[in-house]
Amino acid sequence: QYSEASHALNGSVDQLRAELEQAQGQVEQQRQRQEDWYNELQQRQQALGEQYRAVGEAWGRVNLYRELLQPVQDNLNTIQSKLETIAGLLAQFQEANDNQASATNELRQVLQPLFS
């Protein structure tokens, strides 16, 4: 009777050991998945940090270019204004020249019969 009980207990112990080994395997698999997930998360966080740095550098360049180009834009605006003024004066000059040519032609038409 003790032998049967001992044999039954040994069987139960063997079964519990097998279940324990299975549980340890599952725990190890879960730990490995969590470690893999953590490593991926760390890589993504590092990539995000690099992207933030790249964006910061780009904004720095944009602001620098903006500061460098503003005086050029101001000069271009001044030149454009002066060119518009010159274009207006040229239009007035052309109009005066056309009026003078018209007046000269009229005078020539009036005076031509007198000299003929």
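- Arg53 approaches Gln46 most closely through the heavy-atom pair NH2-O, 4.5 Å.
- Summarising the geometry, atom CD belonging to Gln80 is positioned 8.5 Å from atom CD belonging to Gln73; distances are rounded to the nearest 0.5 Å.
- By the 6.0 Å contact criterion, CZ on Arg33 is enclosed, its count of non-hydrogen atoms from other residues, nucleotides or ligands being greater than 12.
- Between the Ser12 side chain and the Ala8 main chain, a donor and an acceptor come within less than 3.5 Å of each other.
- Using a 3.5 Å distance cut-off with no hydrogens or angles, the side chains of Gln43 and Asn39 do not pair a donor with an acceptor.
- Rounding to the nearest 0.5 angstrom, the gap separating the CD atom in Gln32 from the CD atom in Gln30 is 11.0 Å.
- Ionic pairing of Glu21 and Arg17 is not present here: no N-O contact between side-chain nitrogen and carboxylate oxygen is shorter than 4.0 angstrom.
- One finds the CZ atom of Arg66 at 11.0 Å from the CG atom of Leu64 (value rounded to the nearest 0.5 Å).
- In the hydrophobic cluster analysis, where Ile, Leu, Val, Met, Phe, Trp and Tyr join through side-chain heavy atoms closer than 4.5 angstrom, Val62 is grouped together with Val55.
- Rounded to the nearest 0.5 angstrom, Gln112 CD and Leu114 CG are separated by 10.0 Å.
- Enclosure of atom CD in Gln100 is not indicated, since only 12 or fewer non-hydrogen atoms of other residues, nucleotides or ligands lie within 6.0 angstrom.
- Between atom CD of residue Gln15 and atom CG of residue Asn10 there is a gap of 13.0 Å, rounded to the nearest 0.5 Å.
- Between the side chains of Asn105 and Gln109, no donor N or O sits under 3.5 Å from an acceptor N or O.
- Crowding of Arg108 atom CZ: a count of heavy atoms from other residues, nucleotides or ligands under 6.0 Å not exceeding 12.
- Under a 3.5 Å cut-off, the side chain of Ser102 and the backbone N or O of Asp98 do not form any donor-acceptor pair.
- Checked options Gln24, Gln22, Glu28; the residue passing with Gln26 is Gln22 (criterion: side chain to side chain contact (heavy atoms under 4.5 Å, CB included)).
- Put simply, CD on Gln70 and CG on Asn75 are 10.0 Å apart, with the number rounded to the nearest 0.5 Å.
- Judged by distance alone, the side chain of Asn63 and the main-chain N or O of Trp59 form a donor-acceptor pair under 3.5 Å.
- Between Glu106 and Val110 there is no side-chain heavy-atom pair separated by less than 4.5 Å.
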